[in-house]
Amino acid sequence: MDLDRRTVLSGLIASAIASGLPLRALAAEEVARVDDLIRRMTIEEKAGQMTCLADSFRPFNPPNPAAGIQDEKRLAEEIRKGRVGCLFNGIGVAGARKAQEIAVRQSRLGIPLLLAGDVIHGLKTIFPVPLGEASSFDPVLCQRTARAMAVEATAAGLHLTFAPMADVARDQRWGRVVEGAGEDVTLTALLTAARVRGFQGRDLRRDDSLLACPKHFTAYGAVAGGLEYGSVDISEETLRETHLPPFTAGFGAGALTTMAAFSEINGVPATADRTLLTDMLRDEMGFHGFVFSDYTADEELVAHGYAEDDRDAARLAVLAGVDMSMQSGLYIRYLPDLVKTGAVPMATIDVAVRRILYVKMAMGLFDNPWRSLDEAAEKSRIATPAHRALAREAGARSVVLLQNDGVLPLDPAGKQKIALIGPFTEDKANLYGPWAFYGDPGQGVDVATGLRGAMNDPDRLTIVAGCAIHQPIDGGIDAAVKAARAADVVILALGESQDMSGEAQSRTVIEIPAAQQALADAVAAVKKPTVVLLRHGRALALHDGVANANAVLATWFLGSEAGNAIADIVFGKVDPSGKLPVSFPWESGQEPFFYDRKSTGRPTVPNGSTEYKARYATTDNSARYPFGHGLSYTRFVLDNLKLSDSAMRWDQSVTVTARLKNIGKRRGSEIVQLYIHDRVASRTRPIRELKKMERVTLEPGESRTVRFTLARDDLRFVGQGNRWIAEPGVFDIWVGQSSQGGLHGRVTLYAPER
Ligand code: BGC
């Protein structure tokens, strides 16, 4: 390489570093190629690269309100003129090729399109909703299912998924709880990173690598009152401690895009928040990719009362650090003029375009714009038997056994007559969950089919609806009671329809609908051994006939193999090992409720007085089923807690061990959890915080020592002044089977010696 060229390249690399770009993924020549393009692009073409529009080449039923261009011909014309850089939410190779042909062969600069979509928990093979799968507490499983989703999505002409959702959900009224990993920061961070790794695979340039987009940046899960699109008023310490780490983990795992949240934080909408999108995200967190707005969120700055009009909204969003505007078309409409009039510097635009082109380059689109647009792959890689098998495995691993007096598991070869009652017995419309709109509803296995398939004598299963999801049906309860009387065991399939959770599905009450509660109560009065199968996208407050059943299983929305996965658990082919990623409160009114809450100055103590204590007058402020809770068909005990040292020196770690023993009669798996509590700190600390977990599978009678390493980093928190700090002092440690109880120990962290 001659000297001049080398100087140019190092200059470019320096400018790329300044833009925070994914340099590791790019060769110097590619950096130069992007820069050359930027030099040749008109401002309109630049604004085009920064524009993402719904894909009307491959129409489907959009999950969003209609906006933008809805017409294939007009969209084609926009692509031809270089006025679009990304299409989203269409699938199918033929349509994608059509769009890519226009971009690559008919637009002036031939820049390939990025094709994005919401593949949240599956394309055609639907895996459990992310919240359900989080019950596995298992990053390896989440990585495997994300990989399978990527294999399918990229075979259907997609390059990027708007997932995983990295929002920590602190309020179960918020409908989007279903899309994330629940209420805990450590679990969410771990699973976010695993999902990013799974989606993207080892090599971004491979045809089956799907770019990830951890969203919604940030604190979207902290909206006041759980109200969707609502406002967040939060201390910076909590923001940093609870809501940023899952994003840090996602970026650390290699995610090159993120999406700004719809919501405002402390009076500034995230979409216009430069402190958030530039100072924090890039300068502090070192994010190297590009930022999407959420759907029309830039335009919504006007309704927020933050921008004067659409033009002002585009200006604010781009200056804040939103690189790609989704669906409003505001960037293509206003950026050229905003630059001409000097309201937005060209340098800001160039940085954003460079980020976008670098990501396209990093995934090999410039060399091969036809990657992930292969008809043969579309035929062979989607809805494969291997993916179905994985969906079944993930489904069973997502089920949480909340209570069981021994009625479960049932014997598949048994002579007992089973009455399967409820609106979700043969229902196929609510198997997948709210964010699986590419799946074919007919392809899912319902509960009745799954149970029958597992029984030696399927005629022993009677099915009665009893009621509809929201309404009673004529004679429904009578028929259900009659069936219950004639049966030896009752299985009640109850819960939420899939449109009761997800985006824009905040609820004031997190209970199962009244018609179903009435059915459960009537059936409970028959006093037959009863198992409840709950279907739901959030934690629920359970009552009476549901709460008092002999066994209760949290089964979320399990996807394509729901019925088979449930049958695997009910009949004991698979031992339940799921743990709750969200606390189930006693009452809806306890929300926001999460296990890592503060002590307060007047905590209640076991068997102590409840007068003048921090509790509701009508209920204890505890959980019916705590975070981390989940039973097995076998029984585990933990003993022998040992710390390698009760003193932790500043730069040393401590090993915590405990022995887990399977004292039951079956093989089973337990998720051993380690929690800490900082007794005295300069900012009050939660009563418990999950720090470590490990899944252990044991044969009856077998025991194993579980080993965790605890270091100063695990004891840190965001102190006054917004800095991560560790403070010397005493820490409680629990090794247990949920966020309550467990073996207790103590470690003291000592300040560094001078
Ligand atoms: C959601 C995003 C989603 C986008 C595109 C928005 O309404 O908030 O999570 O990725 O739509 O479908």
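Worth saying up front: this structure is predicted, and the values here are computed from it rather than measured. One is the number of the first residue; the rest follow in order along the sequence.
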Student: With under 30° as parallel and over 60° as perpendicular, where do the rings of F251 and F287 fit, or are they tilted in between?
Tutor: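 Tilted.
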Student: In the structure I gave you, are the side-chain heavy atoms of P585 and E591 within less than 4.5 Å of one another anywhere?
Tutor: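 Answer yes - side chains close enough.
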Student: What are the two closest non-hydrogen atoms of K579 and G628, and how far apart are they?
Tutor: CD-O, 2.8 Å
Student: F627 vs Y595 aromatic rings, parallel, tilted or perpendicular, using cut-offs 30° and 60°?
Tutor: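 Because their plane-to-plane angle is under 30°, the rings of F627 and Y595 count as parallel.
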Student: Side chains of S583 and E183 only: does a donor on one sit below 3.5 Å from an acceptor on the other?
Tutor: yes
Student: Please report the shortest heavy-atom distance between A116 and C86, naming the atom on each side.
Tutor: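 Looks like CB-SG, 4.1 Å.
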Student: Could you tell me whether D620 and K613 make a salt bridge, using a distance below 4.0 angstrom between a side-chain N and a carboxylate O?
Tutor: no
Student: State whether a side-chain donor-acceptor pair under 3.5 Å links T296 with E300.
Tutor: yes
Student: Is it true that R240 and E284 make a salt bridge, defined as a side-chain N closer than 4.0 Å to a carboxylate O?
Tutor: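 Answer for the salt bridge query: yes.
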Student: Indicate yes or no for a side-chain donor-acceptor contact from R538 to the backbone of I510 under 3.5 Å, with no hydrogens or angles considered.
Tutor: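 A pair under 3.5 Å: no.
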Student: Assess the side chains of S682 and Q720: does a donor N or O sit below 3.5 Å from an acceptor N or O?
Tutor: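 The answer is no; no qualifying pair exists.
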Student: Ignoring hydrogens and geometry, is there a side-chain-to-backbone donor-acceptor pair from T258 to P214 under 3.5 Å?
Tutor: yes
Student: Return the orientation label for the F217 and F247 ring planes: parallel under 30°, perpendicular over 60°, tilted otherwise.
Tutor: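 Ring orientation of F217 relative to F247: perpendicular.
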Student: Going by distance alone, is a donor N or O of one side chain under 3.5 Å from an acceptor N or O of the other, for D167 and H216?
Tutor: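 H216 and D167 do have a side-chain donor-acceptor pair below 3.5 Å.
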Student: Between CG of D171 and CZ of F594, what distance do you get to the nearest 0.5 Å?
Tutor: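 Here the rounded value is 9.0 Å.
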Student: Is D323 reaching over with its side chain to a backbone N or O of V291, donor-acceptor style, under 3.5 angstrom?
Tutor: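 Pair found, side chain donor or acceptor close to backbone of V291.
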Student: Would you find a donor on one side and an acceptor on the other, under 3.5 Å apart, between the side chain of T600 and the backbone of R602?
Tutor: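 Flag set: sc T600 to bb R602 pair under 3.5 Å.
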Student: Does L715 reach the side chain of K691, with side-chain heavy atoms less than 4.5 Å apart?
Tutor: no
Student: Given ring-ring contact (aromatic ring centres under 6.0 Å, His included), test F292 with F162 step by step and report yes or no.
Tutor: CA-CA 10 Å; F292 281 94; F162 296 127; 5.1 Å; yes
Student: Does any N or O in the side chain of T145 come within less than 3.5 Å of the main-chain N or O of C142, such that one atom is a donor and the other an acceptor?
Tutor: yes
Student: Got a donor-acceptor contact below 3.5 angstrom from the E133 side chain to the F127 backbone?
Tutor: no
Student: From Q172 CD over to S588 OG, what is the distance, rounded to the nearest 0.5 angstrom?
Tutor: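 That separation rounds to 10.5 Å.
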Student: Do P245 and W724 make a side-chain contact, defined as non-hydrogen atoms from C-beta onward lying under 4.5 Å apart?
Tutor: yes
Student: Test H243 against every option in V185, T188, I265, I234 by the side-chain contact (heavy atoms from CB on, under 4.5 Å) rule and name the one that passes.
Tutor: I234
Student: For residues P686 and H677, determine if any side-chain heavy atom of one lies less than 4.5 Å from a side-chain heavy atom of the other.
Tutor: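 No. Closest side-chain heavy atoms not under 4.5 Å.
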Student: Any non-hydrogen side-chain atom of N621 less than 4.5 Å from a side-chain atom of F593?
Tutor: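 In contact.
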Student: State whether a side-chain donor-acceptor pair under 3.5 Å links D499 with S497.
Tutor: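 A donor-acceptor contact under 3.5 Å links the two side chains.
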Student: Heavy-atom distance under 4.5 Å between the side chains of D312 and V302, does that happen here?
Tutor: no
Student: Taking atom types as modelled, find out whether S328 and D298 have a side-chain donor-acceptor pair closer than 3.5 angstrom.
Tutor: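 Per modelled atom types, S328 and D298 side chains form a pair under 3.5 Å.
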Student: Walk me through whether Y220 and R176 qualify under side chain to side chain donor-acceptor pair (under 3.5 Å).
Tutor: CA-CA 9 Å; Y220 191 38; R176 300 197 82 164; 3.3 Å; yes
Student: Check whether NZ of the Lys or CZ of the Arg K215 lies under 6.0 Å from the centre of the six-membered ring of W435 and within 45 degrees of that ring's axis.
Tutor: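 Because its charged atom sits under 6.0 Å from the ring centre and within 45° of the axis, K215 does stack over W435.
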Student: Within a strict 4.5 Å, meaning less than it, do heavy atoms of the V129 and L558 side chains meet?
Tutor: no
Student: With distance as the sole test, does T341 use its side chain to make a donor-acceptor pair with the main-chain N or O of L338 at under 3.5 Å?
Tutor: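 Here the side-chain-to-backbone pair exists.
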Student: Just checking, any donor-acceptor pair under 3.5 angstrom between side chains of W556 and S398?
Tutor: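 No - no donor-acceptor pair under 3.5 Å links their side chains.
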Student: Is the closest basic N to carboxylate O distance between D596 and R688 below 4.0 Å?
Tutor: no
Student: Is it true that R597 and D184 make a salt bridge, defined as a side-chain N closer than 4.0 Å to a carboxylate O?
Tutor: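 No, R597 and D184 are not salt-bridged.
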Student: Go through it in stages, so that I can follow the logic: the residues are F557 and Y432, the test is ring-ring contact (aromatic ring centres under 6.0 Å, His included), and I'd like the CA-CA distance, side-chain angles, deciding distance and then a yes or no.
Tutor: CA-CA 5 Å; F557 297 101; Y432 293 173; 10.0 Å; no
Student: Before accepting this row, confirm whether a basic side-chain N of the pair E727/R679 lies closer than 4.0 Å to the acidic partner's carboxylate O.
Tutor: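 Answer for the salt bridge query: no.
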Student: Does atom CZ of R723 have more than 12 heavy-atom neighbours from other groups under 6.0 Å away?
Tutor: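 Check fails, neighbour count at 12 or below.
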Student: Within 45 degrees of the axis of the six-membered ring of F290 and under 6.0 Å from its centre: does R355 put its NZ or CZ there?
Tutor: no
Student: Before you tell me yes or no, could you show the steps for L191 and Q143 under side-chain contact (heavy atoms from CB on, under 4.5 Å), namely the whole-Å CA-CA distance, both residues' side-chain angles and the distance that decides it to 0.1 Å?
Tutor: CA-CA 8 Å; L191 300 192; Q143 183 168 337; over 6 Å; no
Student: N89 side chain to D118 main-chain N or O, any donor-acceptor pair under 3.5 Å?
Tutor: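 A pair under 3.5 Å: yes.
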Student: Quick one: do the E503 and Y229 side chains pair a donor with an acceptor below 3.5 Å?
Tutor: yes
Student: Would you say the side chain of R83 lies within less than 4.5 Å of the side chain of R333, judging by non-hydrogen atoms?
Tutor: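 The answer is no; the side chains never approach within 4.5 Å.
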